[in-house]
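Data first, discussion second: the structure below is written as structure tokens.
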Amino acid sequence: MKWLACHCIGTISRMSETQRESFILRHVTLETHRTLSVQNSKSVPHDLPNIRTTELIEEDSPSLRQTVSVCGVMLPIHDRKSQKEGCLVTLPSTRRNLEAVALAVCRGHPVLLEGVVGCGKTSIVEHLACVTGRIRAPALTKIQLGDQTDSKTLLGTYCCTQTPGEFIWRPGSLTQAVTNGFWILLEDIDYAPMDVISILVPLFGITNFISTSCRTVARTKMVSGCANLLDKLWTKVTLETLTRSELLQLVAIRWPKLEAVSEKLVGVYLMLSSSQHDDDTEKENQTDVFDFTTVKTSGRLVSTCDLMKWSSRVACHIANTDTSVANRAFQEALDCFCAAVPDQLLSYKFALHIGSFMNRTKAEIEYYCVQYKPEVTHLSNSFVIGQRAKLHRKPVNAQYLKQSVDIPFSFTRPAACLLERIGVAVMNQEPVLIVGETGTGKTSTVQYLAHQTRNRLRVINMNQQKRGDNKPISRHPDFRLFACMNPATDVGKKELPAGLRNRFTEFFMEELNSKQDLMIIINDYLLKLGPTSQQIKGIKDFYKKVKKEAELSLMDGTGHKPHYSL
């Protein structure tokens, strides 16, 4: 063993014959060296390829046919038929991150990826899964953890069958990954409860790859939690964020049409990202950083995902040469960066900063933030909302006519704006999260959109649900995901994990305070009763009065202030 090891080291380190002889004799006797040399004289030595090259010739190196080079680090291929090119744009910091993660993976130890929201933790794991042939589930299994995650979801449980009284064991995602050698990605490990952490500890002695992600804000960990108990048990990799110049390269490479306006796009994003990225450009190109992290009270943070989403939307319309492109880009910026802010004054303040950077006048900014109300047009084959959203309407069939019912919907300014924003997100295949108090129209807006486009909508109340099936299914091209939730200020409500929340296009639906909008709603919902204008005004005045009294003097039987919603 020593003799063979000395030969291997001599070959890899390119020793001369004299150096190799001297090195071997330091570890074995001269007699042993002579005997083994004679016994192995019939073997023809193979030249080893450079392990730091990305161009490997399979015919010259049969033993390396099942490996792939990732930034100079060799990783085993799980399934060559499933092997694909990576999904990342290889920028300098991305290469360093990939190399660091690949080195950690090749050691066979559990890996913790740590970094700010949107720095690419999940994307790097998906990139490695692509190049090693693990992109198809369950070869790479993803699990979103939260403080309500049950360990049975990971380990498995006994389930009843169609035969009364019969139960079968159904292994969980973690159990299947361990027994089959799959990779498992645990998102937001810092939110995991103690019972989940306790079942992970015994797995840290095995060689299966467990990739977990932990998010930070401004290089400070967001949640400490029980995951701190595992700090010394895994290989921790802190990912670098993209610099300003790398963000410019990223936009130019992904969307060549945007190269001319990439400075504006990146400048707006950096202004709102609160020093998450290093500015490596010259002083005159730097912009003032606006502290957008105050929005963390809403549970959402600005990340590179928002820049990518904004750039993708603008790229679809940059081919137009008219002046409306600038207005369109500003409207998309309001959707991507401001629409999720619950405080309307703060949202308007952000819009002013974005508009001034994009050379918009204060009158234009105020129009889109305060006065703008998109018009809705019903065509035979399409449903048009404003100038930005045009959705295809499915053909009318017998099933649709049978299930079709009139859905009352009041076109107040907030409702019309939300309808347009959701329509744009649907066109861009973005999952939508709508946050707002009870009765603001979150669910009804989605229902109305589905009705007008003749799409079937399934409404699921997630309050008491338990996402047990771990088999992936193929998504239909028309599948869209909409999520609605009340703010976490409500009793018993909790924030979504930041990593999950940032994957949605989020819109906040404010409560109606406008007298005109309230009267529109009252008239629309009581239309069949034919109320007079005086009756509508009376209902409106009563609603405004009782809400005011609830804040000032009214109490319920338990001594708490009652909450009256729309």
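Since the model is a prediction, treat every value here as computed from it, not as a measurement. We count residues from 1, following the sequence as given.
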Q: For Trp255, enumerate each residue passing the ring-ring contact (aromatic ring centres under 6.0 Å, His included) test, keeping only those at least two apart in sequence or located in another chain.
A: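 Listed in chain order: nothing, the list is empty.
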
Q: For Phe411, check ring-ring contact (aromatic ring centres under 6.0 Å, His included) against everything at least two apart and list the hits.
A: Phe409, Tyr448

Q) Please, which pairs that meet ring-ring contact (aromatic ring centres under 6.0 Å, His included) have at least one residue in residues 413-433, sequence neighbours excluded? A)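 Passing the test, one end in residues 413-433: no pairs.
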
Q. What pairs meet the ring-ring contact (aromatic ring centres under 6.0 Å, His included) rule with one or both residues in residues 371-397, with sequence neighbours excluded?
A.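 Found Tyr367-Tyr372, Tyr368-Tyr372, His378-Phe383.
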
Does [atom1] belonging to [X] count more than 12 external heavy atoms closer than 6.0 Å?
| X | atom1 | answer |
| --- | --- | --- |
| Glu510 | CD | yes |
| Lys152 | NZ | no |
| Gln371 | CD | yes |
| Gln344 | CD | yes |
| Lys373 | NZ | yes |

Least distance between heavy atoms, [X] atom then [Y] atom:
| X | Y | answer |
| --- | --- | --- |
| Gly118 | Cys305 | CA-SG, 4.3 Å |
| Met555 | Gly559 | SD-O, 3.2 Å |
| Cys316 | Asn428 | SG-OD1, 4.4 Å |
| Pro374 | Gly386 | CB-CA, 3.7 Å |
| Ile522 | Ile536 | CD1-O, 3.8 Å |
| Leu265 | Leu307 | O-CD1, 3.8 Å |

Checking the side chain of [X] only, and the main-chain atoms of [Y] only, is there a donor and an acceptor separated by less than 3.5 Å?
| X | Y | answer |
| --- | --- | --- |
| Ser382 | Leu379 | no |
| Arg328 | Val314 | no |
| Glu332 | Ala329 | no |
| Gln535 | Thr532 | yes |

If you measure from [atom1] on [X] to [atom2] on [Y], what distance do you get to the nearest 0.5 Å?
| X | Y | atom1 | atom2 | result |
| --- | --- | --- | --- | --- |
| Ile184 | Leu186 | CD1 | CG | 5.0 Å |
| Asn486 | Ser565 | CG | OG | 9.0 Å |
| Leu457 | Phe482 | CG | CZ | 7.5 Å |
| Cys338 | Ile354 | SG | CD1 | 3.5 Å |
| Thr243 | Leu91 | OG1 | CG | 8.0 Å |

Q) Under the criterion side chain to side chain donor-acceptor pair (under 3.5 Å), which of Arg480, Arg313, Lys309 is the partner of Glu430? A) Arg313

Would you mind reporting whether [Y] and [X] have side-chain heavy atoms less than 4.5 Å apart?
| X | Y | result |
| --- | --- | --- |
| His353 | Lys349 | yes |
| Leu433 | Phe508 | no |
| Glu420 | Asp335 | no |
| Thr157 | Arg170 | no |

Under a 4.0 Å threshold between the charged nitrogen and the carboxylate oxygen, would [Y] count as salt-bridged to [X]?
| X | Y | result |
| --- | --- | --- |
| Glu366 | Lys362 | no |
| Lys561 | Glu551 | no |
| Lys142 | Glu187 | no |
| Glu263 | Arg244 | yes |

Q. Taking it one step at a time, do Arg503 and Thr122 satisfy side-chain hydrogen bond (donor to acceptor under 3.5 Å, both in side chains)?
A. CA-CA 11 Å; Arg503 293 190 171 120; Thr122 303; 2.9 Å; yes

Q | Distance-only side-chain donor-acceptor flag, Arg421 / Thr445, under 3.5 Å | A |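 There is no such pair (donor and acceptor under 3.5 Å, judged by atom type) between the side chains of Arg421 and Thr445.
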
Q) Strictly by modelled atom types, are Asp524 and Ser410 linked by a side-chain donor-acceptor pair under 3.5 Å? A)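 The answer is yes; a qualifying pair exists.
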
Q: Decide side-chain hydrogen bond (donor to acceptor under 3.5 Å, both in side chains) for Glu437 and Thr440; before the verdict, give the C-alpha distance in whole Å, the side-chain angles of both, and the deciding distance to 0.1 Å.
A: CA-CA 6 Å; Glu437 298 288 351; Thr440 53; over 6 Å; no

Q. Please walk me through it: do Trp310 and Tyr269 pass ring-ring contact (aromatic ring centres under 6.0 Å, His included)?
A. CA-CA 10 Å; Trp310 184 32; Tyr269 167 68; 9.1 Å; no

Q.
Using the salt bridge (Lys or Arg N to Asp or Glu O under 4.0 Å) criterion, which residues pair with Lys537? Sequence neighbours excluded.
A. Asp541

Q: Please name all residues satisfying salt bridge (Lys or Arg N to Asp or Glu O under 4.0 Å) with Glu511, sequence neighbours left out, ordered by chain then number.
A: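 Result, salt bridge (Lys or Arg N to Asp or Glu O under 4.0 Å) vs Glu511: Lys547.
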
Q: Would you sort out whether Asn455 and Arg393 count as a side-chain hydrogen bond (donor to acceptor under 3.5 Å, both in side chains), showing the intermediate values?
A: CA-CA 8 Å; Asn455 282 288; Arg393 302 184 79 181; over 6 Å; no

Q. Thr453 and side chain to side chain contact (heavy atoms under 4.5 Å, CB included): which partner among Leu391, Val426, Asp478?
A.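 Single side chain to side chain contact (heavy atoms under 4.5 Å, CB included) partner of Thr453 among Leu391, Val426, Asp478: Leu391.
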
